[in-house]
S.K.: 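Next up is a structure, given as structure tokens.
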There are 2 protein chains.
Amino acid sequence: MDDKKQRIIEIAEQLFAQYGFLKTTMEDIAKKVHMGKSSVYYYFKSKDDIFVEVIRQDTLVFQKKLIDAVNITSTPEDKIRAYVTTRMTHLQDLSKFYSTLTDEYLDHYLFVEEVRKDFYDNENIVLKKLLEEGVKQNSFDVDDVVTISRMISIAIKGLEFSLFVEAKDYDPVKESNEMLDLIFNGIANR
Amino acid sequence: MDDKKQRIIEIAEQLFAQYGFLKTTMEDIAKKVHMGKSSVYYYFKSKDDIFVEVIRQDTLVFQKKLIDAVNITSTPEDKIRAYVTTRMTHLQDLSKFYSTLTDEYLDHYLFVEEVRKDFYDNENIVLKKLLEEGVKQNSFDVDDVVTISRMISIAIKGLEFSLFVEAKDYDPVKESNEMLDLIFNGIANR
DNA sequence: TTTTCGACCAATACCGCTTTTCGGTCGAAA
DNA sequence: TTTCGACCGAAAAGCGGTATTGGTCGAAAA
């Protein structure tokens, strides 16, 4: 039962990656799972529902990957660096895999963003926690943790944007670390 | 001759702002300038050409505004703050004025960006110069001015992005200054 | 020589229409 | 509990013909 559901998700993910969300029909999915279309509806109540589930699972894997990357480092600074570089690298891989979906990106952008909302919310929490940790350990000097983590999020969004625009020969690790140098040290002379 | 050309640009700007680029026809422009359509083509070789010229002049005004804002301040930090807050405020105003064009934004996004390329290039130069000034005056501590100015640009892009997404009740000055606090001071404890 | 414009062209948008496709439902059968 | 064929309404796609639109050209003003 659950494995059938899982199978549908995996097939759907493949098809979405290959043809994009719009061009993939429920028939396509059903056929490839060797089911009637109606049977697929026994497991999912809509096409959007399948998509949401695909994204959700991807996000879960992504988050686990981020946690692992953060956990093998020790200082707060290294943790944040690990978080950001891993995030950017993963995003670059993703944009290759989902090349078709990237073209549709602008279209159902809002929809994807809504599904991703949980991810972003969580990201903010993680960043805030890492900041607080650094403050406690006296390696960071931040008084408004909420605002600063928001600004860091925005700066990362900027990185993400230039990743999408400059596309090729973009080194996400180098780029991330340069941004992080700025974020950690600032430019003021003290 | 040049005033005729200028007149076409101004009329076109009005129409673009009101109806957007696609909905504005060459006939519309010609009629409002009291000319035959062919005559407009005597002054401009294409519709795109007119659009480019409109953007170019807007950009020039924008740049002058930025220069003025920077010039009435004295310290390098204040100059950068003036630059960024003015930039963001102006952008917000622009997005209201060109509300129709904003809807089309996604469509000929790449086209607009290409026209704006000069602006971004110039922005990088200005930021670099302001950074160098600050380094000389010993208020900034930056060794790779090129990289840092690039990163500041990217962070600003992030701000711009959140301006477009969050749209209403967005306070560009507050947002800018919070980002600038981060950029100037960093988060590392020293 | 500079400027204006009517006539014209090809590509594309638009229109009313019909047909097809697609997401989704339902009831029956396995 | 699970599968599926038959079916539905809405939206998309196709289509032939017409109108619009960006752009050209050569002739006539100025």
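Residue numbering restarts at 1 for every chain, and letters A, B, ... go by the order of the sequence lines. The structure displayed is predicted, hence computed values, not measured ones.
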S.K.: Check every nucleotide of DNA chain D for an atom under 4.0 Å from a heavy-atom of chain B, then give the first and the last such nucleotide from 5' to 3'.
M.R.: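 Counting from the 5' end, contacts occupy D:dT21 to D:dC25.
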S.K.: Can you list the residues that meet the side-chain hydrogen bond (donor to acceptor under 3.5 Å, both in side chains) rule with A:E123, with sequence neighbours excluded?
M.R.: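 Counting only residues at least two positions away or on another chain, A:E123 forms a side-chain hydrogen bond (donor to acceptor under 3.5 Å, both in side chains) with A:Y83, A:R87.
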S.K.: Once salt bridge (Lys or Arg N to Asp or Glu O under 4.0 Å) is applied, do any residues pair with A:R56, and if so which ones, sequence neighbours excluded?
M.R.: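 Expected list: A:E53.
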S.K.: Side chain of A:T24, backbone of A:G20: donor and acceptor closer than 3.5 Å?
M.R.: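 Flag set: sc A:T24 to bb A:G20 pair under 3.5 Å.
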S.K.: Hey, can you pull the residues of residues 4-15 of chain A with a non-hydrogen atom under 4.0 angstrom from DNA chain C?
M.R.: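 Result for residues 4-15 of chain A: none.
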S.K.: Five pairs at each end of the helix from C:dT1-D:dA30 to C:dA30-D:dT1: take the axis at both ends and give me the angle between them to 10°.
M.R.: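 One end's axis against the other's: 30°.
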S.K.: Applying salt bridge (Lys or Arg N to Asp or Glu O under 4.0 Å), can you list everything that pairs with B:K5, at least two apart in sequence or on another chain?
M.R.: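 So B:K5 forms no salt bridge (Lys or Arg N to Asp or Glu O under 4.0 Å) with any residue.
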S.K.: Please list all pairs meeting salt bridge (Lys or Arg N to Asp or Glu O under 4.0 Å) that have one or both residues in residues 61-80 of chain A, counting only residues at least two apart or in different chains.
M.R.: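 Counting only pairs at least two positions apart or across chains, the salt bridge (Lys or Arg N to Asp or Glu O under 4.0 Å) contacts touching residues 61-80 of chain A are A:E77-A:R81.
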S.K.: Tell me, please, which residues at least two apart from B:Y41 pass ring-ring contact (aromatic ring centres under 6.0 Å, His included).
M.R.: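 Here no residue qualifies.
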S.K.: With sequence neighbours excluded, what pairs up with A:E10 under the side-chain hydrogen bond (donor to acceptor under 3.5 Å, both in side chains) test?
M.R.: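 Residues passing side-chain hydrogen bond (donor to acceptor under 3.5 Å, both in side chains) with A:E10: A:Q6.
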S.K.: Under the salt bridge (Lys or Arg N to Asp or Glu O under 4.0 Å) rule, collect the residues that match up with B:E13, sequence neighbours excluded.
M.R.: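 Testing B:E13 for salt bridge (Lys or Arg N to Asp or Glu O under 4.0 Å), a comparison that skips the adjacent residues, returns none.
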S.K.: What integer distance in Å separates A:I50:CD1 from C:dG24:C1'?
M.R.: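 Interatomic distance, CD1 of A:I50 to C1' of C:dG24: 12 Å.
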S.K.: Quick one about B:S46 and B:D49 (side-chain donor to acceptor, distance below 3.5 Å, no hydrogens or angles considered), yes or no?
M.R.: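 Not at all, the side chains of B:D49 and B:S46 share no donor-acceptor pair under 3.5 Å.
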S.K.: So what does B:F44 touch, heavy atoms closer than 4.0 Å: a base, only the sugar-phosphate, or nothing?
M.R.: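 Answer is nothing: B:F44 stays at 4.0 Å or more from every strand.
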S.K.: Name every residue in residues 24-39 of chain B that has at least one heavy atom under 4.0 Å from any atom of DNA chain C, in order of residue number, or write none if there are no such residues.
M.R.: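 B:M35, B:G36, B:S38, B:S39 - these, ordered by number, are the residues of the stretch whose heavy atoms sit under 4.0 Å from the strand.
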S.K.: Does some side-chain heavy atom of B:I152 sit less than 4.5 Å from a side-chain heavy atom of A:L182?
M.R.: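 Yes, their side chains come closer than 4.5 Å.
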S.K.: Looking at B:F21, does the NZ or CZ of B:K47 lie under 6.0 angstrom from its six-membered ring centre and within 45 degrees of the ring axis?
M.R.: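 Satisfied, under 6.0 Å and within 45°.
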S.K.: Round to a whole Å and report the spacing from OH of A:Y42 to P of C:dA29.
M.R.: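 In whole Å, C:dA29 P lies 19 Å from A:Y42 OH.
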S.K.: Among residues two or more places apart or on two chains, list those pairs meeting salt bridge (Lys or Arg N to Asp or Glu O under 4.0 Å) that have a residue in residues 33-44 of chain B.
M.R.: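 Passing the test, one end in residues 33-44 of chain B: no pairs.
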S.K.: Between B:F119 and B:F62, how do the two ring planes meet: parallel, tilted or perpendicular, split at 30° and 60°?
M.R.: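 Judged by the thresholds at 30° and 60°, the geometry between B:F119 and B:F62 is parallel.
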